[in-house]
Amino acid sequence: MQAQMPDAKFIQIESTKLCYYEQGQGEVILLLHGWPQTSYVWRKVIPKLAKRNRVIAVDLPGLGNSGSAESYDTRTVAAIISKFITAQKIGKVHLVSHDVGSWVAVSFALQHEDQLNTLTVIDAAIPGFISDAVFKPENAKKIWQFYFHAVADIPELLVEGREEAYLSWYFSNKSFVKSAISVEDRDVYVKAYTGKDRLGRGFAYYRAFNLSAENNRNVQRRLTIPVWALGGQYALGEQIGNALKAIAEPKVVVIKDCGHYVPEEQPEETVKYIRMAIGG
């Protein structure tokens, strides 16, 4: 049986129409997804987290059901998320993120820490902080897309019309629990990234990677909020935590028997550590 998401809601934040999903009551947990996914990546954890918290999952600008942004560097996107939180009159949130969502989340923490209670980042190569060793040629199977997606036009030219095959490669090769993302789940993601425009908005985050990295490195301060870093055993593991030591004292957790898609492959463990991170 396919997991169900809460109903989609929409809000206009300046020139960007954001889509979000909401369930539960209590302190707010804000979820940010990665590429090539949408807020649907959280479908297995939202119902569990919502038993004690108000959970809000936002489709990143340009992705899922959200409208375009003027720029996709993470400082710009983080500013949109900040205005979303303000518009919702939430106050502070527990920010939880995966993959590209974690790029945004770390920039958000550096720029808008006053809106955070805690930060939990899951399996991502954070711009400006991830070790150069991650990008060595022998690690190409894990990181080649950073180079491919960063090139203008060519990815769209080669992938358009082949979206299902292209995205399926990621789900097959970057997961450890192969049953975690079903054919029906994969189809949700393929639909979200079909066509030149939708593909291009996803690639835009990679094309802005160097600017995002530069912006992050230019913030000369350390975070004071609790920070947790979760990595899949067969993905980044401890590397995400090591990267965050440049700006925080993170609690580092390696999720066993898990690849890159942590919230889908090990949802119970994901919920457990989010609860520990937020102190509830």
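What you are looking at is a predicted structure, and each value in this text was computed from that prediction instead of being measured. Keep in mind that the numbers below use all heavy atoms, side chains included, and drop hydrogens, waters and symmetry copies.
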inquiry  = Before we go on, tell me: are the rings of Tyr166 and Tyr193 under 6.0 Å apart, centre to centre?
reply    =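 Ring-ring flag for Tyr166/Tyr193: false, centres at least 6.0 Å apart.
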key: Parallel, tilted or perpendicular: rings of Phe135 and Phe146 (30°, 60°)   =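 Aromatic pair Phe146/Phe135 classed perpendicular.
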ask   = Roughly how far apart are Ser66 OG and Ile11 CD1, rounded to 0.5 Å?
value =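 Between Ser66 OG and Ile11 CD1, I get 11.0 Å after rounding to 0.5 Å.
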message = Do Leu211 and Ile126 land in one hydrophobic cluster if side-chain heavy atoms of ILVMFWY residues count as linked below 4.5 Å?
response =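 The answer is no; the residues belong to distinct hydrophobic clusters.
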Would you say [X] and [Y] make side-chain contact, with heavy atoms under 4.5 Å?
{"X": "Leu31", "Y": "Val55", "value": "yes"}
{"X": "Arg186", "Y": "Leu167", "value": "no"}
{"X": "Glu27", "Y": "Lys92", "value": "no"}

Minimum heavy-atom distance [X]-[Y], with the two atoms named:
{"X": "Gly241", "Y": "Val252", "answer": "CA-CG2, 3.6 Å"}
{"X": "Ala180", "Y": "Asp185", "answer": "O-OD2, 3.8 Å"}
{"X": "Gln115", "Y": "Ser82", "answer": "OE1-OG, 2.6 Å"}
{"X": "Ile130", "Y": "Ala124", "answer": "CD1-O, 4.4 Å"}
{"X": "Ile46", "Y": "Met5", "answer": "CD1-CE, 3.9 Å"}
{"X": "Thr270", "Y": "Val262", "answer": "OG1-O, 3.3 Å"}

Derivation of the side-chain contact (heavy atoms from CB on, under 4.5 Å) call for Glu160 and Leu199 = CA-CA 8 Å; Glu160 187 178 9; Leu199 286 168; 4.2 Å; yes
Qualifying residue, where the test is ring-ring contact (aromatic ring centres under 6.0 Å, His included) with Tyr205 and the options are Trp103, Trp35, Tyr72 =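 Running ring-ring contact (aromatic ring centres under 6.0 Å, His included) over Trp103, Trp35, Tyr72 with Tyr205 returns exactly one hit, Tyr72.
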message = With side chain to side chain donor-acceptor pair (under 3.5 Å) as the criterion, how do Ser212 and Asn215 come out once you've worked through the C-alpha distance, each side chain's angles and the decisive distance to 0.1 Å?
response = CA-CA 5 Å; Ser212 298; Asn215 289 338; 5.7 Å; no
Quick one: do [X] and [Y] make a salt bridge, cutoff under 4.0 Å?
{"X": "Lys191", "Y": "Glu163", "value": "no"}
{"X": "Glu156", "Y": "Arg207", "value": "yes"}
{"X": "Glu269", "Y": "Lys256", "value": "no"}

ask   = Between Ser39 and His33, is any side-chain donor less than 3.5 angstrom from a side-chain acceptor?
value =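 On atom types as modelled, these side chains do not qualify, holding no pair under 3.5 Å.
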inquiry  = Pair Tyr189, Phe171 - check ring-ring contact (aromatic ring centres under 6.0 Å, His included), show working.
reply    = CA-CA 10 Å; Tyr189 297 132; Phe171 300 135; 5.4 Å; yes
key: Candidates Glu265, Gln233, Gln266 - the one meeting side chain to side chain contact (heavy atoms under 4.5 Å, CB included) with Ile255   =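 Between Ile255 and the candidates, side chain to side chain contact (heavy atoms under 4.5 Å, CB included) is satisfied uniquely by Gln266.
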